[in-house]
Amino acid sequence: MGLPSHVKLVEVSPRDGLQNLKSFIPTAQKLHLIEALSAAGLPVIEATSFVSPRWVPQMADCREVMEGIARRDNVVYSCLVPNLKGFQVACDAGATEIAVFAAASDTFSMKNTNCTVEESFERLEKVCNAARERGIRVRGYISCVLGCPYQGEVPVPEVVKVVEALDAMGCYEISLGDTIGVGTPAKAQRMVKQVAEVVPIGRLAAHFHDTYGQALANILAVLELGLSVVDASVTGLGGCPYARSASGNVATEDVVYMLDGMGIETGVDLQRLLEAGRFVRDTMGLEPVSRVFQALNRKSSVY
Ligand code: HMG
Ligand code: MG
């Protein structure tokens, strides 16, 4: 299978991008960011997460964020849900799509969600069943698919086991998370090829953090296998509070620039995306790491 002609981008900055920040970003700013991302044409925006505010204080305003979104018809506003409690609150706040998350490493699972991988399946199955009853679509995430901050190497069969479990629970799409950004292209391809033997590649997504500067190369490597859903975060914001060695997600600008250059459609307007990035820099006070953001801003200040 060759490169796809269209890639669906899943924008995770309001959740993955902000969850790690110590100082609380006001709810109004989170909502402004979501609006700017919607205006840029992103088809899916992960707006917040209904996790415990004791575990992730930055997401304590999840309800207000979900309720406050000026929804557009052509955008899916998703959110992360760890358990039935979070699911209930997300539904009350008007969530129409959710994402559940598991890990391919027990130690990370314990640190991130206070349960083993096996125990997490029980928890998540309850959420998926409840979602099915309400007609809510569920996306599944797997962390540590190319390495764990605590256990190191993660064997691919461990990833496949979690993929099978999330598939059996009814997740319509499964996002493969290189949580700490340690993967390299050949390893990423090998992992995706094995996973695609149990779930069709059209239902897989790539979620690369850019800790070692490998994210774009890894994305290209898995696009070559026919994968066509990519998670990204404007300006390269991101990280996980329970994986200290993780840096930001791949920057959305960098992915859009690469795909535009290759003639692969995303429906995202790069100029408008830059406006969202300027909001992150100028109002939220967070310095963009995206190379494309930096280059295009230099260019627009010169001309
Ligand atoms: P726990 O402490 O074991 O929960 O946390 P519990 O069920 O024992 O409950 C303890 C207290 O928390 C109770 O309150 C519950 O009501 C409350 P109390 O009675 O003591 O007052 N509670 C909640 N409150 C609000 N919302 C909830 C909720 N659940 C329980 N949903 C839990 C277990 C899973 C909740 C916790 O570990 C947690 O919230 N973890 C989330 C950590 C997190 O958000 N990590 C980052 C997201 S994952 C990620 O970034 C990776 C990804 O990007 C992919 C990749 O890059 O790899 C997706
Ligand atoms: Mg992540």
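Counting starts at 1 for both ligands and their atoms, in listed order. All values derive from a computational prediction rather than experimental measurement. Keep in mind that the numbers below use all heavy atoms, side chains included, and drop hydrogens, waters and symmetry copies.
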Check [X] against ligand 1 and report side chain, backbone, both or neither, counting heavy atoms closer than 4.0 Å.
{"X": "R123", "value": "side chain"}
{"X": "P82", "value": "side chain"}
{"X": "R15", "value": "side chain"}

Looking only at protein heavy atoms, which one is nearest to [atom], and what is the separation?
{"atom": "atom 45 (N) of ligand 1", "value": "N112 OD1, 2.8 Å"}
{"atom": "atom 13 (C) of ligand 1", "value": "R54 NH2, 5.0 Å"}
{"atom": "atom 24 (N) of ligand 1", "value": "K85 CE, 3.6 Å"}
{"atom": "atom 2 (O) of ligand 1", "value": "W55 NE1, 3.3 Å"}
{"atom": "atom 7 (O) of ligand 1", "value": "N83 ND2, 4.7 Å"}
{"atom": "atom 39 (O) of ligand 1", "value": "S52 N, 2.9 Å"}

[X] versus [Y], closest heavy-atom pair with distance:
{"X": "H209", "Y": "A215", "result": "O-CB, 4.0 Å"}
{"X": "I45", "Y": "I34", "result": "CD1-O, 3.8 Å"}
{"X": "D254", "Y": "S290", "result": "OD1-OG, 2.6 Å"}
{"X": "V138", "Y": "A131", "result": "CG2-CB, 3.5 Å"}
{"X": "A206", "Y": "V222", "result": "CB-CG2, 4.0 Å"}
{"X": "P4", "Y": "L223", "result": "CD-O, 3.4 Å"}

Among [options], which one puts a heavy atom closest to [atom]?
{"atom": "atom 26 (N) of ligand 1", "options": "V51, I180, L84, I142", "result": "V51"}
{"atom": "atom 43 (C) of ligand 1", "options": "V12, N114, V56, N249", "result": "V56"}
{"atom": "atom 25 (C) of ligand 1", "options": "A103, P53, G86", "result": "P53"}

Got a protein heavy atom sitting under 4.0 Å from [atom]?
{"atom": "atom 56 (O) of ligand 1", "value": "yes"}
{"atom": "atom 9 (O) of ligand 1", "value": "no"}
{"atom": "atom 4 (O) of ligand 1", "value": "no"}
{"atom": "atom 49 (C) of ligand 1", "value": "yes"}
{"atom": "atom 19 (O) of ligand 1", "value": "no"}

Query raised in the report: Among E11, E173, K8, which residue meets the side-chain contact (heavy atoms from CB on, under 4.5 Å) test with V44?
Result: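 Passing option: K8.
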Within a reach of under 6.0 Å around [atom1] of [X], are more than 12 heavy atoms found that belong to other residues, nucleotides or ligands?
{"X": "F101", "atom1": "CZ", "value": "yes"}
{"X": "R278", "atom1": "CZ", "value": "yes"}
{"X": "R272", "atom1": "CZ", "value": "no"}
{"X": "F24", "atom1": "CZ", "value": "yes"}

Quick one: which ligand 1 atoms are inside 4.0 Å of a heavy atom on [X]?
{"X": "S143", "answer": "51 (C), 54 (C), 55 (C), 57 (O)"}
{"X": "H209", "answer": "56 (O)"}
{"X": "F101", "answer": "48 (S)"}
{"X": "L80", "answer": "47 (C)"}
{"X": "F50", "answer": "26 (N), 27 (C), 31 (N)"}
{"X": "T113", "answer": "33 (C), 34 (C), 37 (O)"}

Query raised in the report: With a 4.0 Å cut-off on heavy atoms, is A99 touching ligand 1?
Result: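 It does not, in that no heavy atom of A99 comes within the 4.0 Å cut-off of ligand 1.
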**Report entry** M59 heavy atom under 4.0 Å from ligand 1
**Finding:**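 For ligand 1, residue contact (heavy atoms, under 4.0 Å) with M59 is absent.
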Query raised in the report: Among the N, O or S atoms that D16 has, which is closest to the Mg ion (ligand 2)?
Result: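 This residue's closest N, O or S atom turns out to be OD2.
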Requested in this report: Measure from the Mg ion (ligand 2) to every N/O/S atom of H207 and report the name of the nearest one.
Outcome: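 For H207, the N, O or S atom at the smallest distance from the Mg ion (ligand 2) is NE2.
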Query raised in the report: Any donor and acceptor pair, going by atom type alone, linking the side chain of E46 with main-chain N or O of R15 inside 3.5 Å?
Result: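 No.
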